[in-house]
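Shown next, in structure tokens, is the structure this report addresses.
Since this is a predicted model, take the numbers as computed values, not measurements.
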Amino acid sequence: MIAAAFRVMWLSLVRDRAALTMAFVLPTVIFAIFAAIFSGAIGDRIRIHLGLADLAGTATTQRLVTALEAEPSLRIARLDVADEAAAIRAVRRGEVDVALVLRSDLAAPADTDKGSAAASQPVLLIESPSRALATPIALGELQRALNDALPDVVLSRIVADVERSGKIGPDERAFLDEAFAEQRAKKEPFSFTRLVETRTTASGRGNERVSYYAGAIAAVFLLFAAMQGALSLVDEREGGLADRLAAGPGGLPVIVLGKFLFLLGQGVVQAGLIFSAAALLHGVDVSGHWIGWLVTSILVSAMAAGLALAACSLSATRQQAHLAATFGVLLLSAVGGSMVPRFLMPPWLQQAGWLTPNAWAIEAYQAALGEGAAAALPAWGVLAALAAVGLGVAVGVVGRRTV
């Protein structure tokens, strides 16, 4: 009997070519993708997308731009902007992970009592809460570029600190030690720390960093839940119930529409619970753009329902549908940024992420909660198209099977 049971299961797997492929080929593909994601998200393998705007155009800022562009660990994008506000908008829209705006001469003496912020802090770093890890990386690369390519600039600012201390001694070393000791005693920052000003794109209404992960988790779990619900299509077909339902008014297409509406409603409730927990535990605020959040949740739920019904209607067996519900959703979620933020992935995977529904769901939540409905329109359009195509495929496939 042991041998018979083994033979039955082996034959059922071999005869189902799609399930056989997903069982033995798909795990290798998923491993390769996960290895690329996680190996590229640690250490010196991270290559952040750094936006660079040289508004000053001085000799020192041009030297810094050249040094940063030669750094292999950065992907530099020259921002064609006229002011700081335009650079902030570029970071908020996700065109770059973080931006550096060079707004005055780096070698100009720093005066904390007079002049504008641009004069005392010639470098402006613009960060996004959803890509906060990019900030320390950018600061580290900036410091390394200054030390390696512009040591004279760094030294000139240190000398300026010494000169402002007003100390004069016969021994140069003792003079420098005493000057820096006084600077530390006053708890005044040295000029290098004042070289950079950090500004965030956060609106200040809530914890926008956590809101990214709320949207990412909502995308993956809505897909998982929709796939589990859509498996009833396969169960009804294999159990013979689909034949009886096809004889009813409207046939199976009406049944598919009913399932779609149920999964849509279920998804909105699930998204509401996730964001409610984010609001209660982490202070995420959706009240400022609650209409945008609601529209996004409806479209993400519709996308998940449509794709799940399409996948299950196309699956010949329950094993195929189950593998699509697990491996398929896992693969889409990994590449789409639901597990690891996409800016930490290799560049080719970042671009591949736009082919997944998860990336567009995250983008929709980020845009709707950060800037409002107008910024979310492109992502909404993609989600609506995916929902319509998925539902259309599901209705078409079950309709043909009843003919």
Side-chain angles (χ1 to χ4, degrees), residues 13 16-42 45 130 212-235 263-264 266-267 270-271 273-274 297 299-366 379 382-383 386-387 389-390 393-394:
L13 179 62
D16 191 345
R17 298 298 175 84
L20 182 66
T21 301
M22 287 189 284
F24 294 105
V25 177
L26 197 57
T28 307
V29 174
I30 291 178
F31 162 75
I33 292 176
F34 269 71
I37 291 173
F38 290 107
S39 65
I42 57 174
R45 299 288 300 276
S130 62
Y212 169 89
Y213 294 102
I217 294 301
V220 60
F221 276 100
L222 262 61
L223 280 169
F224 269 123
M227 287 296 297
Q228 293 302 316
L231 281 173
S232 60
L233 277 178
V234 182
D235 295 334
L263 294 175
L264 190 154
Q266 173 185 271
Q270 289 175 323
L273 292 173
I274 291 173
S297 296
L299 289 174
V300 173
S301 301
M303 172 274 296
L307 294 181
L309 290 169
C312 290
S313 64
L314 291 170
S315 299
T317 64
R318 197 180 198 283
Q319 188 173 9
Q320 291 181 16
H322 180 71
L323 289 171
T326 52
F327 288 110
V329 173
L330 190 65
L331 182 61
L332 293 176
S333 301
V335 178
S338 286
M339 298 180 180
V340 176
R342 287 174 50 246
F343 78 92
L344 295 176
M345 301 179 188
W348 68 272
L349 261 182
Q350 293 185 31
Q351 296 302 317
W354 292 117
L355 301 176
T356 68
N358 298 66
W360 290 105
I362 295 171
E363 178 72 13
Y365 275 119
Q366 286 292 103
V382 174
L383 292 172
L386 288 173
V389 170
V393 168

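- Of the possible polar contacts, none joining the R318 side chain to the V234 backbone as a donor-acceptor pair under 3.5 Å is found.
- Once rounded to the nearest 0.5 Å, the distance linking CZ of F327 with NE2 of H322 reads 8.0 Å.
- Shown here for A325 and V329, the closest heavy-atom pair between the two residues is O-CG2, 3.4 Å.
- Taking all atoms of both residues into account, the shortest heavy-atom contact from G336 to T356 is CA-OG1, 3.1 Å.
- Of all heavy-atom pairs spanning L264 and A302, the tightest one is CD1-CB, 3.8 Å.
- Side chains of E363 and W354 form a contact here, defined as non-hydrogen atoms less than 4.5 Å apart.
- Within the model, atoms CD of Q266 and OG of S301 stand 9.0 Å from one another, a figure rounded to the nearest 0.5 Å.
- Taken from CG in L307 to CG in L263, the straight-line distance is 11.5 Å, to the nearest 0.5 Å.
- Rounding to the nearest 0.5 Å places OH of Y365 at 9.5 Å from CG of L299.
- Contact between A387 and M303 at its shortest, heavy atoms only, is CB-N, 3.6 Å.
- Rounded to the nearest 0.5 Å, atoms CD1 (I217) and CE (M339) are 8.0 Å apart.
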CA sep, side-chain torsions, deciding dist, call: L349, R342, side-chain contact (heavy atoms from CB on, under 4.5 Å): CA-CA 8 Å; L349 261 182; R342 287 174 50 246; over 6 Å; no
Trace of the side-chain contact (heavy atoms from CB on, under 4.5 Å) decision for Q366 with Y212: CA-CA 6 Å; Q366 286 292 103; Y212 169 89; 3.6 Å; yes
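- Within the 4.5 Å cutoff, no side-chain heavy atoms of L330 are placed close to those of T326.
- Atom SG in C312 sits 8.5 Å away from atom CD in Q228 (nearest 0.5 Å).
- The one candidate from L233, L314, V393 that meets the side-chain contact (heavy atoms from CB on, under 4.5 Å) condition with L309 is L233.
- Looking at every heavy atom in both residues, A361 comes nearest to A219 through CB-CB, 3.8 Å.
- A donor-acceptor contact closer than 3.5 angstrom is absent between the side chains of Y213 and S338.
- Between P357 and L223, the closest heavy-atom pair is CG-CD1, 4.4 Å.
- V300 places none of its side-chain heavy atoms less than 4.5 Å from the side chain of S297.
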